[in-house]
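First the structure, in the form of structure tokens, and then the observations on it.
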Amino acid sequence: VLVMSNMSSRLLSIRKNMKLTQVQFAKKIGTSQNVYTRYETGKIDIPEQMKRELHRIGVNLNWLLTGEGSMYQELQQMDASILSKTIRLPIVGEIAAGEPCVVYNEEPLGHIDIPTGLLHLAPPYLVFRVSGQSMEPHILTGDIVICSQDWRDVDVNNKIMAFRTDDGITIKRLVEDAKNRVTWLMPINHEFTPMPYVADSEEIIMIGMLDIAIRQYNRG
């Protein structure tokens, strides 16, 4: 008897909620019915690419992975007054979601105007364009990330941070493993390998905390 995994059963719930057949749902997320059936029945694990497709059609990935929260991404109504005051910031270079890459070009890659009401952490800010897949599906290649250089009084454990390494700049989630007395720079994409981190090391230096990520659509 095949016992469906929790994630597989939630995948079934999504399809039933959308009132789609397996053929229709498979087409919607860009796969074949035969392959999709294996995901839904728990015969094979749901890959990262499939999670990205589910995120694209509005599924809340936290709910898919844990069962917590709402099935779908929730949109919050924005007060128009939040757009009245903006700040222009330079995009200083690329930040790696994967192997660190060199940034800080002589000239910025561009500028971005951000409503100050969307920024919750204090200035100064560093703005990067993401390159790589290690933080998928939450942060994708091409996303713009704004990181605060002032994270005083903020618990950095389990926060997404920017780091300077000997090889360049990277973005990862900082995870403290108190039991084993080790801290890790964790990718969200499980296909990438965690990196050990020592706070007073000169090889890896924490330079910012992620405040907001911006994604552009229909630009191609």
**Study point:** Nearest-0.5 Å distance, CG of residue L185 to CD1 of residue I160
**Key:** 12.0 Å
**Study point:** Short side-chain to backbone donor-acceptor contact, R10 and W63, under 3.5 Å
**Key:** yes
Practice item. Kindly state each residue pair satisfying ring pair (Phe, Tyr, Trp, His ring centres under 6.0 Å) with at least one member in residues 154-178, sequence neighbours excluded. Key: F163-Y197
Check your understanding: Should the pair R152-D150 be classified as a salt bridge under the 4.0 Å nitrogen-to-oxygen rule?
Key -> yes
Exercise for review: Answer yes or no: is there a side-chain heavy-atom contact under 4.5 Å between N34 and R38?
Suggested key: no
Practice item. May I ask you to list the residues sharing a hydrophobic cluster with W184, side-chain cutoff 4.5 Å, ordered by chain and number? Key: V175, V182, M186
Review point. Has the side chain of S32 got a donor or acceptor atom that lies under 3.5 Å from a matching backbone atom of V35?
Key: yes
**Study point:** Verify same cluster id: I44, I14 (apolar side-chain graph, 4.5 Å)
**Key:** yes
Could you list the donor-acceptor pairs under 3.5 angstrom formed between side-chain atoms of residues 119-130 and any protein atom two or more places apart in sequence or on another chain?
{"residue": "Y125", "atom": "OH", "partner": "L121", "partner atom": "O", "Å": "2.6"}
{"residue": "R129", "atom": "NH2", "partner": "E94", "partner atom": "OE2", "Å": "3.4"}

Exercise for review: Starting from the C-alpha separation in whole Å, work towards a yes-or-no answer on side chain to side chain contact (heavy atoms under 4.5 Å, CB included) for D143 and R215.
Suggested key: CA-CA 5 Å; D143 287 357; R215 184 167 302 157; 2.7 Å; yes
Check your understanding: Would you say K159 has more than 12 foreign heavy atoms packed within less than 6.0 Å of its NZ?
Key -> yes
Check your understanding: Would you say V59 and L140 are hydrophobically clustered, going by side-chain heavy atoms of ILVMFWY under 4.5 Å?
Key -> no
Review point. Looking at side-chain heavy atoms only, is the closest gap between I57 and M18 below 4.5 Å?
Key: yes
